[in-house]
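What follows is a short report on a single structure.
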There are 2 protein chains.
Amino acid sequence: MSMTALKAQTTERVRSVAAMLEEEIVLGWLLPRERLVEEELAERLAVKRHVVREALADLERVGLVERIPNRGAVVKLLDPVEVRQIYSVREALETLAAEQIPLPASATVLDALREVQQRHAVAVDSADARAAFRANMQFHETLFGACGNPPLVELIQGLAQKVHGARSITAASPEHLRLARDEHAAMVEALAAGDRDRLVALCRQHLGPSRDAYIAAIEARFARPGAVMTERQP
Amino acid sequence: MSMTALKAQTTERVRSVAAMLEEEIVLGWLLPRERLVEEELAERLAVKRHVVREALADLERVGLVERIPNRGAVVKLLDPVEVRQIYSVREALETLAAEQIPLPASATVLDALREVQQRHAVAVDSADARAAFRANMQFHETLFGACGNPPLVELIQGLAQKVHGARSITAASPEHLRLARDEHAAMVEALAAGDRDRLVALCRQHLGPSRDAYIAAIEARFARPGAVMTERQP
DNA sequence: TTCGACATAATTGTTGACAATCCTGGCAAC
DNA sequence: GTTGCCAGGATTGTCAACAATTATGTCGAA
């Protein structure tokens with residue numbers, strides 16, 4: 001029965017390492033274009049190189065890092081047009097899911113959402129970015145999970161992961177966190193009231209801020225010399 | 001480029017192995033629930049175990065195989081409800097993509113589609129299942145690729161891959177192949193004529209047959225003993 | 001100074017052996 | 001006849017050393 005073995009099963013360690021790296025990317029601890037050296041990570045995370053290797057392969061599949069043969073991995077920098085495209089698909093998918101959630105929402109779903117939202121609010125108020133990130137992910141998972149279409153939920157989560165690199169701008173910003181918190185509350189309200197139009201609208205506008213903040217930040221800070229942006233010359 | 005490269009880059013070999021296994025699954029050479037033993041595959045495909053391992057991890061992420069820790073990999077058997085859910089999302093995404101294709105389609109797109117469709121028709125007529133499969137994939141890639149949203153195309157392809165295991169029923173069936181060929185022709189026609197409604201409708205109905213055939217087949221052939229179906233005893 | 005060849009260092013990719021784990025089948029006890 | 005247990009074998013997971021590749025820095029020549 002106990003699925004979670006006491007001594008971390010191998011594939012679990014890989015997933016654990018991948019999750020740690022993902023968090024470090026989202027929280028801005030690892031910046032775009034930063035190199036991810038296998039041995040270095042292996043020592044820091046106290047695992048063998050080969051585990052880090054598999055974790056990096058996982059993150060490459062997800063789209064969070066980029067691996068160049070014989071040259072190693074770097075955290076991927078999404079260009080603005082790709083971000084816009086991804087967000088447009090996210091909007092479509094999340095709308096689709098929101099339209100399929102049975103309304104008014106069941107008590108179990110509402111209770112779960114309120115509990116998670118509570119944790120998220122606490123994390124935001126105490127400026128605990130990591131806890132806020134985790135609670136935020138869990139909130140969306142339970143919210144969209146209520147649509148009854150697991151493959152759809154998986155897709156939504158996958159797309160969210162893809163732009164996690166983009167969230168390093170908003171994940172630490174108190175204003176954005178507070179805004180997200182309030183929007184979550186509004187969503188729960190709409191779910192309880194059975195107001196589908198409001199729910200869908202909330203989901204849609206919930207996506208905007210992080211996208212816009214990222215695009216603005218990326219064009220200001222990570223522009224490559226040689227691109228359209230005029231960069232100061234040394 | 002020569003596929004059978006003598007000195008293939010490592011990550012290329014992994015992708016190559018994954019692609020081979022995927023084809024073998026789609027063509028029904030590897031059946032659902034069949035075990036995939038690393039050493040065995042390594043010897044058969046003339047690569048090291050380590051490469052097979054990574055390829056299996058890839059296919060696991062795609063959803064074509066299932067890996068249980070310390071027990072190995074098997075080709076995944078999708079249950080009918082999951083297949084229905086996936087197809088419903090496919091329908092939504094392909095509709096979304098079809099709605100974004102600029103109409104009437106550009107000459108380059110049409111030329112490319114006609115060329116691929118020609119190859120597909122030849123393969124179907126000569127009952128070359130493998131060539132038909134490849135041409136079919138390429139057709140949909142170029143078709144939806146015309147929507148101008150690469151992440152969306154990637155998602156569509158990923159979902160198609162997920163149900164590739166389900167295609168082993170239709171991939172070898174002459175009737176289904178002929179039907180697909182004719183529907184492809186109709187799509188090209190709609191693209192050329194700039195008839196968006198017809199295009200969207202064609203995309204939608206194009207999904208039906210393989211889904212229905214798979215669900216019927218799975219319930220007839222792969223029912224687990226202990227389920228409602230009565231299975232013959234040896 | 002600038003350019004290019006060459007040696008050197010840093011990093012990834014590969015390999016085979018070893019350890020851990022899980023399934024199979026036989027054998028004994030009830 | 002069924003159940004439980006203990007080998008034995010098959011398979012996956014782990015590891016450290018080695019090979020291959022790419023980046024870096026130095027030196028000499030134009």
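Because only heavy atoms are used, hydrogens play no part in the values below, and waters and symmetry mates are left out as well, while side chains stay in. Order of the sequence lines sets the chain letters (A, B, ...), proteins ahead of strands, with each chain counted from 1.
- Residue pairs meeting the ring pair (Phe, Tyr, Trp, His ring centres under 6.0 Å) criterion with at least one partner in residues 147-168 of chain A, sequence neighbours excluded, are A/F133-A/H164.
- In this structure, A/L36 places its CG atom 16 Å from C1' of C/dA10, rounding to the nearest Å.
- For the OP1/OP2 pair of C/dC23 and a distance below 4.0 Å, the side-chain nitrogens and oxygens of B/R71 include at least one atom meeting the criterion.
- Whole-Å rounding puts the B/E54 CD to C/dT14 C1' distance at 11 Å.
- Each of C/dT12, D/dT12, C/dT15 was ranked by its minimum atom distance to the side chain of B/N70; first place goes to D/dT12.
- Closest approach to the B/R49 side chain among D/dG13, D/dC15, C/dG13 is made by D/dG13 (side chain taken as heavy atoms from C-beta onward).
- A salt bridge links A/R134 to A/E23: at least one charged side-chain nitrogen sits closer than 4.0 Å to a carboxylate oxygen.
- In this entry the distance linking CD1 of B/I68 with P of D/dT11 reads 15 Å, nearest Å.
- Applying the ring-ring contact (aromatic ring centres under 6.0 Å, His included) rule to B/H120 yields the partners B/H184; only residues at least two apart in sequence or on another chain are considered.
- Around the CD atom of A/E115, the shell of radius 6.0 Å holds more than 12 heavy atoms that belong to other residues, nucleotides or ligands.
- Closest approach to the A/R53 side chain among D/dG13, D/dT22, C/dT14 is made by C/dT14 (side chain taken as heavy atoms from C-beta onward).
- When rounded to the nearest whole Å, the span between NZ of A/K48 and P of C/dA19 equals 15 Å.
- Counting to the nearest Å, the P atom of C/dT12 and the NE2 atom of B/H50 are 14 Å from each other.
- Between the CZ atom of A/R13 and the P atom of D/dG13 there is a distance of 11 Å, rounded to whole Å.
- One atom, CD of B/E40, and another, P of D/dA10, lie 13 Å apart when rounded to the nearest Å.
- Separating the CD atom of A/E43 from the P atom of C/dA10 is a distance of 15 Å, rounded to the nearest angstrom.
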